[in-house]
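Contents: one structure, followed by commentary.
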Protein chains: 2
Amino acid sequence: MKSQKRTTIYDIAKKLNLNASSVSRALNNSSNVSEATRELIFKTAKELNYKQNSLASNLRKGHNQTIGVVVPRINQNFFANVIAGIEEITYQKGYNLIICQSNESHAREVKCINTLTNQHVSCIIISVSADFEDDSHLKNIKEQGIQLIQFDRVADQLDTLKVLNDNEQASMEAVTHMIEQGYQRIALLEGPQNLNIFRQRKAGYLAALKKHGIALIPELVMENAWTKELGAEATRKLLNLPNPPDAIFASTSDFSALGVLEIATKMGIRVPEDLGICGYSNEAFTEITSPAITTIDQHSVQMGKTIAKLYFDEAQPNEGNPSANTVNIQPELIIRESTLRKK
Amino acid sequence: MKSQKRTTIYDIAKKLNLNASSVSRALNNSSNVSEATRELIFKTAKELNYKQNSLASNLRKGHNQTIGVVVPRINQNFFANVIAGIEEITYQKGYNLIICQSNESHAREVKCINTLTNQHVSCIIISVSADFEDDSHLKNIKEQGIQLIQFDRVADQLDTLKVLNDNEQASMEAVTHMIEQGYQRIALLEGPQNLNIFRQRKAGYLAALKKHGIALIPELVMENAWTKELGAEATRKLLNLPNPPDAIFASTSDFSALGVLEIATKMGIRVPEDLGICGYSNEAFTEITSPAITTIDQHSVQMGKTIAKLYFDEAQPNEGNPSANTVNIQPELIIRESTLRKK
DNA sequence: ATTTTTAAAGCAATCGATTGCTTTTATTGT
DNA sequence: ACAATAAAAGCAATCGATTGCTTTAAAAAT
């Protein structure tokens, strides 16, 4: 597309026999421009269809009213909602968002970060990819003088602002609830343990068992049952054990819980009477399965808003005091039929 | 945050006793730099943790490897998937995405467009907000020499590239299917008629009726039943008519169809025996309701890919030949239990 | 009427990278 | 050994907006 030259402040200045600096000052409503010329400049700018070139402006000013967001996938409910929450605040402040997805790949995440630092964004908000191992790309952000806020899936060791769900607390509540409903052999579908969130959810599971004096049965803990398919597969194995579980906590996701429910239904096992099921995330569909699935709501939109506000409040990471840098969003246990054995 | 000065090509040049132009050429792998100095420059760049300033680069080069996307809401399945599709292609090409949401507000949409044109993005991809009335902000994009691609919800009158679902065809197929299943009094939940997509879906509904010699019954057409709640409300009214419908085509969304299903269940009306239900969009949950809901898949990820490819193929709108500028994605009718009366 | 003060406008450097053109250095051919 | 050619490096302008400083014009004070 042939890009006909766009009008600049010089074009306006020339037409009005003024200097570009006056035009700039007028358009920015700064001082030292008479009311008369100011109006004239605005009028002419409109006539010539002038649009500011943010590249030039930001280059000169040395900063950029733009925030970068890096998430594993934007078409995942939780992340889409967090972004929606962030956007609500940043929009009010006149900031732009550049949204990148890592597609759960660390290599791609590094590239996203590079792009954003090259753009001189003023802040990067990130939830790391599933194959997270190394945080040097994040350290680099801070070295570039860019604010960094981590959320949900974070690099624990790194001293940055963090906004987290209290995964451990929520998991503990969920498992406690199941125990109180009379379930005794509760299985855990766990996620990759290199991610903090899945470690915490497991910790909550273990804590609940311990609190109630229930011994951990290692064969009831299934690794990496993240998707609906993997959840289904794990469930098949669990239910075929000589001594199968009477409940399954799909700590990885509601999709996984859905897989559990499907297999149970297929095998003629009654939920919640013979098997309790609890998922994680409060995806829309959990409300309408039958039975409806007990799950944990992460208050994702709220989380996004909190993150953005944190930036605008100019909160600074408190070196050497990691806990002071963390904001915890309290998740909420949503109890539904799939774990309600005692009516 | 105190932003310590970042290294520039001048810093590298100074350290190596070279000129900045050589550094620039080396880093861009262009000609006229000896292999030895090229390596030296790369090594030093790494040492000094040099990151290119894209603002400066893009300003000088006069363009920007960035594409802007404006959608009503990113946390809606359809849009999130389209964006995911776009991103897949743009990432391969080394382009960035700036994603904005209009929140279904025209005023906000205008602001988004302004931001993007100020950033000199090379292309804007848009699906307009629900209160669409005026397309002057879109005309302005073309005047700025920026490529414009509309998708799904478009300004019909505007000569731009468009990527659309064939809503009319899909709706006609859906209603035809219902007629073939023996439904005779098919109601329509329609969306705001200022949006092309809802006009087309209605047209498809009308065409199917006509083809089968069924007269339109005006009282079976309900306006603005977009959400689950509104769908439920409309359904309540419909089912309380002296002569109620025996099927409902929720052309607005699957959420609306969900509302239909809930009310029907609540009123003890059997689906699909007494009432057929068809939604639109193939949201994840439609597969797992009971009965599962018949719906229309829009191939949203594919749509996103098509849009992005269109840009990179440098397709140009063909002035005065609107139809040549339109790519139609064929949606797919997904038949499930909610309309299967004849087993 | 003249000096002082203030407001308005202009000048020129700057942000960092790119690029057409010129100069210097190295290489090749005779 | 010297001219011809090619390769490598340097110079300086440019992209468009901003901003500290200076100059000019207008208003106020004496």
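Only heavy atoms go into these numbers, but all of them, side chains included; no hydrogens, no water, no symmetry mates.
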Just checking, any donor-acceptor pair under 3.5 angstrom between side chains of Thr160(A) and Gln150(A)?
-> yes
Nucleotide range of DNA chain D lying under 4.0 Å from chain B heavy atoms = dA8(D) to dG16(D)
For Lys111(B), the salt bridge (charged side-chain N to carboxylate O under 4.0 Å, His left out) test, sequence neighbours excluded, returns none
Interatomic distance, Ile98(B) atom CD1 to Thr115(B) atom OG1 [nearest 0.5 angstrom] = 9.0 Å
Can you sort out the partners of Thr44(A) under side chain to side chain donor-acceptor pair (under 3.5 Å), two or more places apart, ordered by chain and number?
-> none
Note down the inter-axis angle between the two ends of the helix from dA1(C)-dT30(D) to dT30(C)-dA1(D), five pairs each, to the nearest 10°.
-> 40°
Any residue meeting side-chain contact (heavy atoms from CB on, under 4.5 Å) with His120(B), in chain and number order, not counting sequence neighbours | Arg6(A), Asn53(A), Leu55(A)
Pairs satisfying ring pair (Phe, Tyr, Trp, His ring centres under 6.0 Å), at least one member in residues 146-165 of chain B, at least two apart = none
Taking only residues two or more places apart in sequence, or in another chain, which ones meet Lys139(A) in a salt bridge (charged side-chain N to carboxylate O under 4.0 Å, His left out)?
-> Asp135(A)
Ring pair (Phe, Tyr, Trp, His ring centres under 6.0 Å) partners of residues 10-60 of chain A, not counting sequence neighbours, each pair once | none
Note: contacts of residues 15-29 of chain B with DNA chain C (heavy atom, under 4.0 Å) are Ser21(B), Ser24(B), Arg25(B), Asn28(B)
Mark yes or no: Arg108(B) above the aromatic ring of Tyr91(A), with NZ or CZ under 6.0 Å from the six-membered ring centre and no more than 45 degrees from the axis.
-> yes
All salt bridge (charged side-chain N to carboxylate O under 4.0 Å, His left out) counterparts of Glu109(B), not counting sequence neighbours = none
Lys51(A): what forms a salt bridge (charged side-chain N to carboxylate O under 4.0 Å, His left out) with it, not counting sequence neighbours?
-> none
How long is the span from the CG atom in Asn32(B) to the OG atom in Ser22(B), to the nearest 0.5 Å?
-> 9.0 Å
Mind listing the residues from residues 50-60 of chain B sitting with a heavy atom below 4.0 Å of DNA chain D? Number order is fine.
-> Leu59(B), Arg60(B)
